[in-house]
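Side chains are part of it too, since the values below use all heavy atoms of this structure and drop only hydrogens, waters and symmetry mates. Lettering of chains follows the sequences in order, A, B, ..., and the numbering in each one begins at 1.
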Amino acid sequence: MIIRLLPALTLGAFLLPIVVGLAGTLAPAFGVLPAIGAVEPSLAPWRTLLDWPGFATSLRLTLTVGALASCAALAAAVALVIVASRWRRYGRLQSLLTALLASPHAAIALGFAFIIAPSGWIVRIISPELTGWERPPTGLVTLRDPYGLALVAGLAIKEIPYLAIMLVSALGQVPVEALLQNARAMGYSRTTAWLKLVLPQAWPQIRLPFYAVVAYSFSVVDQALVLGPGTPPPLAVLATRWFSDYDVALYLPAAAAAILQLGVVAAAIFACFLVERLIARAGRSWAEGGGRSGAADPLVAVVAGLALVAGALGLASLAALVLWSVAGPWSFPDAWPVSLTLDAWRSSLGSIAAPLEATVIAAAVATAIALVLCIGCLENEARRARRPGLPTMWIIYVPLLVPQIAFLFGVQVALVRLDLDGSGAGVIWTHLIFVLPYVFLSLSDPWRALDPRYARSAASLGASPARILLTVKLPILLRPILVAAAIGVAVSVGLYLPTVFAGAGRISTVTTEALTLATGADRRIVSIHGFLQAAVPLLAYGAALLAPRLAFRHRRGLA
Amino acid sequence: MAPHCWRRASRSAIDGGSRERGKPYAMTGGTLSLDGVTIALGFRRLVDGLTLAIAPGEVVTVMGPSGSGKSTLLAYVAGFLDRRVFTASGRLRLGGDDMVDVPPERRRIGMLFQDDLLFPHLSVRGNLLFGLAPGGSAELRRARVDEALAAADLAGFGDRDPATLSGGQRARIALLRVLLSAPRALLLDEPFSKLDAELRVQFRIHVFGELRRAGLPTLMVTHDPADAAAAGGKVVAL
């Protein structure tokens, strides 16, 4: 009967901290934080925030970066899928996208910074032949630029693969080829048919993933620390900075900034909702106009080209991390280090052991708990033959739509009360908030797609529900279960803010270490952390793909 | 139950002989009886007061167009009917035991579907061992399964991957699997519809021969009149 309680337990595990966390951030935003002696409700935190000299710039930066990055990522992902879906090497492209998807935001940002910095790889490759530069140019601002364009690019590199993969899986439920053939027989080009027929049908299924991208882009912290401007920084970074200040009085305006951030994301998602309506109306009259000129086709091709450039930059970012971590002397403007050495690895073995261990433990435990809860929920759903509807989907997306900064301070306050701040349990629980939805989203489709007659057939052979679960469903679903686990590991490893807030400075992972070292430390040391950050999820993905192939090497039905 | 059923059961190709030693899962071959069974979806009655008695070894065929409630009737007998969607009344008994409140896995009512539904992660032998009624040492169980395979002209197929077999072989393994689970009755849900014409005729003869030898009361759902003719039993239209 425990299984019947699992859905409630699962929802509680990730919704309760968010609700408590929001409340615990809302109160200080209005002057109430008894822990630092503030008990009188007031609007003073808001006045402090609004009077802060960089506030207007900070807010503008947040809005432009968020809007540019999410729109660019969506357009590029759609164009990429339209163009690439007719390639023969389509599958190869998907696995490259998965590699980018598995790499944490921060790792991509660190590698990307090494590429585009004035002293970075690109400038080194073209110097001094094309530029005449013998030393890094000083007037050139390619990183942390005041408009946040480097940050927009970094976000797009990470979000294009995510949206593209979401779109591809949404297409499983749309008769793409039939629609395209039909429309082409009526004289439409393939691209026009895609835009007019396929995209509107796939949109409902990528709406929520897109909103998650919107929420992340408008409230990004980890990538902004590396790629974004610092004076003033975007709103979420400002809040993070004030929350971690020694002056506890800054907690109050920080909370106000965090709540404003929540409002910004809510407004952005609402704006998407309105724009969707407008585009839907315009799109319908575009489709009903019957135009077959294919005038939009070159534009799609150009955007798809940009998406490929973004993908290449992402892979190059990972390569840059690997190269820098083993680089011997590498002076400007050489395109390649003089020698390759493992010296940096050898000298940092001692210092990376602890964060690496914390990373692996948090990822493994949070993922294991998430798997048990999700499998329990899905099994309960199957036994009771009840499928949750759209409201449930929105609830699952809550941790991905609410900006992290808006509730993590409140979570930290609650953890302090529970004496769990800086403990492994606190970090794992906080990770679980984000791991759970991704594991559930990844596992629920294949679980529900499993032919229910396997279970019926087993039951009519006399197998109990528990035996059916253990000996029929779990083995048949081994591959999607392991893929869901790998996604859980990738999510957990990539978490920066949740680890910072719950770890209270006592627990650090390779991700928090990498971002702490990002400014100032030797590039080799930073690269080692960035590389490990990407390596752990990639190993998990590799294992998830390899293990079922080994286990079922004599089973063609599952290979 | 009547001793002649025992004898019939012991002649079955799949009966390795251990049942005579009084194993708990011996085939008892009672009558499957439906008494005034009514199944409704909302206000629509899919099955209205159906009364049927299916004797051991008898095959009753239920025919009707799609959407007429044939599969719902099978789901009811097997115990898979979703009680929040459908309402059902009437009595369902097997060998005198009331089945209505018994969970599917304890009814010992076997089922063959349109598809063979061999578990893709298990070998042919693994599938049959999964089905084989519990009890006996691992070696004995393995021997029983291999014996059954040999009797079904499938000797040497134990280690094969189900995905590498032909459609006809898979269908026969699925039948073997359900018979090894020592059911007391059998349900057939359009079991021949996915096979091509020639194979269908052969497999039909094979199935009904096995069923008669096993002495099982059988309820078959189909829309193919040839299935009903081959079964040679009562035909009920829904």
Side-chain angles (χ1 to χ4, degrees), chain A residues 1 3-4 7 375 379-389 446-483 544-559, chain B residues 24-25 71 74-75 77-86 102-124 126-135 159-165 170 174 176-187 189:
Chain A
M1 284 300 98
I3 193 166
R4 293 200 160 209
I375 289 174
E379 176 67 5
N380 179 58
E381 174 189 310
R383 287 188 197 174
R384 303 214 282 165
R386 177 161 296 180
R387 192 170 282 204
W447 194 283
R448 289 169 184 159
L450 179 68
D451 191 336
R453 294 176 309 165
Y454 278 122
R456 292 184 169 194
S457 173
S460 74
L461 294 171
S464 68
R467 183 165 169 231
I468 294 171
L469 176 65
L470 291 176
T471 62
V472 177
K473 290 189 189 175
L474 292 185
I476 294 180
L477 292 168
L478 180 66
R479 183 200 297 266
I481 288 170
L482 291 179
V483 167
L545 296 182
L546 198 64
R549 225 172 269 178
L550 283 179
F552 296 132
R553 62 189 180 284
H554 300 309
R555 297 286 173 265
R556 217 164 59 189
L558 289 171
Chain B
Y25 276 79
S71 296
L74 283 197
V77 177
F80 301 125
L81 197 67
D82 185 347
R83 292 306 181 100
R84 287 184 320 258
V85 181
F86 296 96
V102 179
E105 68 270 18
R106 288 223 292 272
R107 290 190 180 192
R108 293 179 54 199
I109 298 180
M111 192 154 178
L112 269 190
F113 298 85
Q114 267 180 28
D115 298 288
D116 52 74
L117 296 172
L118 295 179
F119 304 131
H121 62 298
L122 299 177
S123 64
V124 166
N127 268 280
L128 296 178
L129 284 169
F130 186 97
L132 181 64
D159 290 321
R160 292 283 291 272
D161 174 2
T164 62
L165 304 184
R170 292 172 60 102
L176 211 50
R177 185 175 72 174
V178 73
L179 290 177
L180 280 171
S181 75
R184 298 170 64 194
L186 204 60
L187 305 175
D189 189 357

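- Neither the backbone nor the side chain of L187(B) comes within contact range of chain A; no heavy atom of the residue lies under 4.5 Å from a heavy atom of that chain.
- Within the 4.5 angstrom heavy-atom criterion, no atom of R83(B) approaches chain A.
- Of the two parts of A551(A), neither the backbone nor the side chain holds a non-hydrogen atom closer than 4.5 Å to a non-hydrogen atom of chain B.
- Between chain B and the residues T471(A), I468(A), D451(A), L478(A), the most heavy-atom pairs under 4.5 angstrom are made by T471(A).
- For a residue to count as touching a neighbouring chain, one of its non-hydrogen atoms must lie under 4.5 Å from one of that chain's; by this rule L117(B) touches chain A with backbone and side chain alike.
- Residue D189(B) does not touch chain A at all, counting heavy-atom pairs closer than 4.5 Å.
- A donor-acceptor pair under 3.5 Å is formed between the side chain of R107(B) and the backbone N or O of V77(B).
- Using a 4.5 Å cut-off between heavy atoms, F80(B) contacts chain A through both its backbone and its side chain.
- The shortest heavy-atom contact between P183(B) and G110(B) is CB-N, 3.6 Å.
- By the 6.0 Å and 45° rule, R467(A) stacks over the aromatic ring of F130(B).
- Side-chain atoms of R4(A) and R383(A), non-hydrogen and from C-beta on, never get closer than 4.5 Å to each other.
- Using bins of under 30°, 30° to 60° and over 60° for the plane-to-plane angle, the ring pair H121(B)/F552(A) lands in the perpendicular bin.
- Within the 3.5 Å criterion, the main-chain N or O of A163(B) finds no donor-acceptor partner in the side chain of R555(A).
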